[in-house]
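First listed ligand is number 1; within each ligand, the first listed atom is number 1. All heavy atoms count here, side chains included; hydrogens, waters and symmetry mates do not.
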Amino acid sequence: MRPDDRIPIQSGPGNGRPMKRHHTAHYYAHRVKESLTTRVSKLICAIFLFLLFLVGIITFILWLSLRPHRPRFHVEEFAIPALAQGGGPETAQIIYNATARNANQNIGVYYDTMQLTVFYQDQNIGGMPLLFPFYQEPKNTTVIAGQLGGDTLRVTNQLWQQFLADRARGQVVFRLEITSIIRFKISTWDSKHHTMHANCPVGVGPDGFILAAYRDKRCPVYFS
Ligand SMILES: *[C@@H]1O[C@H](CO)[C@@H](O)[C@H](O)[C@H]1NC(C)=O
Ligand SMILES: *[C@@H]1O[C@H](CO)[C@@H](O)[C@H](O)[C@H]1NC(C)=O
């Protein structure tokens with residue numbers, strides 16, 4: 001081999017431009033072979049990238065269609081009739097009715113535990129464990145309804161006076177929190193446990209019943 005064969009590019013002035021020189025047949029054969037291998041490796045590379053892209057798209061679509069929606073909670077009813085009837089905290093009761101909806105098309109939800117708690121200005125004023133562990137089918141709604149009173153409602157006289165003062169101003173605002181430990185069921189696969197909190201603000205009017213502004217509103221849900 002002459003040095004020319006291996007140095008297609010000349011350094012110095014005109015740097016980088018292809019050389020116009022006399023080359024041997026051997027040189028051109030070498031160039032053709034080289035460009036063939038480059039083309040083949042480029043093709044393989046392109047096919048590989050395309051497959052990778054395809055796999056990415058399929059994964060993305062699967063993820064979109066299987067991604068579980070969190071259950072949706074709404075408060076349908078919430079009342080403390082004693083507020084309007086001038087009763088005291090001893091006889092007070094809270095009547096509640098909320099719904100939990102599984103909006104997923106194909107994903108079921110296991111509720112392993114569920115706890116309802118009522119807060120007033122971030123003070124826990126009562127609560128109870130709810131329902132037995134149950135399984136909620138896709139597109140199904142479960143009613144969570146009941147009463148708090150006696151042991152499950154702890155309102156001091158001082159708090160009751162605050163309720164009455166709020167009532168005189170138009171509304172008493174509570175927060176209903178439903179905490180559950182859930183698992184998603186996707187086909188035959190069960191997800192791990194997630195602790196889920198639904199936080200529903202509920203305002204009751206002077207009559208002791210939930211105000212229209214709070215009824216049937218979707219409660220924010222977060223996981224912890
Ligand atoms: C609770 O509310 C739902 C939805 O409005 C209703 O279908 C259900 O009958 C109510 N349950 C009770 C016990 O009030
Ligand atoms: C929802 O679940 C309840 C209780 O398991 C069941 O009776 C009802 O048929 C279900 N509804 C639908 C639409 O699957």
Fill in: Inter- and intrachain pairs under ring pair (Phe, Tyr, Trp, His ring centres under 6.0 Å), touching residues 33-58, at least two apart
none
Worksheet item: Side chains of Q115 and T113: do they bring a donor and an acceptor to under 3.5 Å?
Response: no
Practice prompt. Please work out whether the ring planes of H197 and Y222 are parallel, tilted or perpendicular, with thresholds of 30° and 60°.
Written response: parallel
Item to complete: Start with the C-alpha distance between F174 and F163, add both sets of side-chain angles, then the distance that settles ring-ring contact (aromatic ring centres under 6.0 Å, His included), and finish with yes or no.
Response: CA-CA 10 Å; F174 299 93; F163 293 177; 5.1 Å; yes
Worksheet item: Between F78 and Y96, is the gap from one ring center to the other below 6.0 Å?
Response: no
Discussion item. Can you work out which protein residues put a heavy atom within less than 4.0 Å of ligand 1?
Written reply: E76, N97, V143, A145
Discussion item. Can you classify the ring geometry of F184 versus H194 as parallel (below 30°), tilted (30 to 60°) or perpendicular (above 60°)?
Written reply: tilted
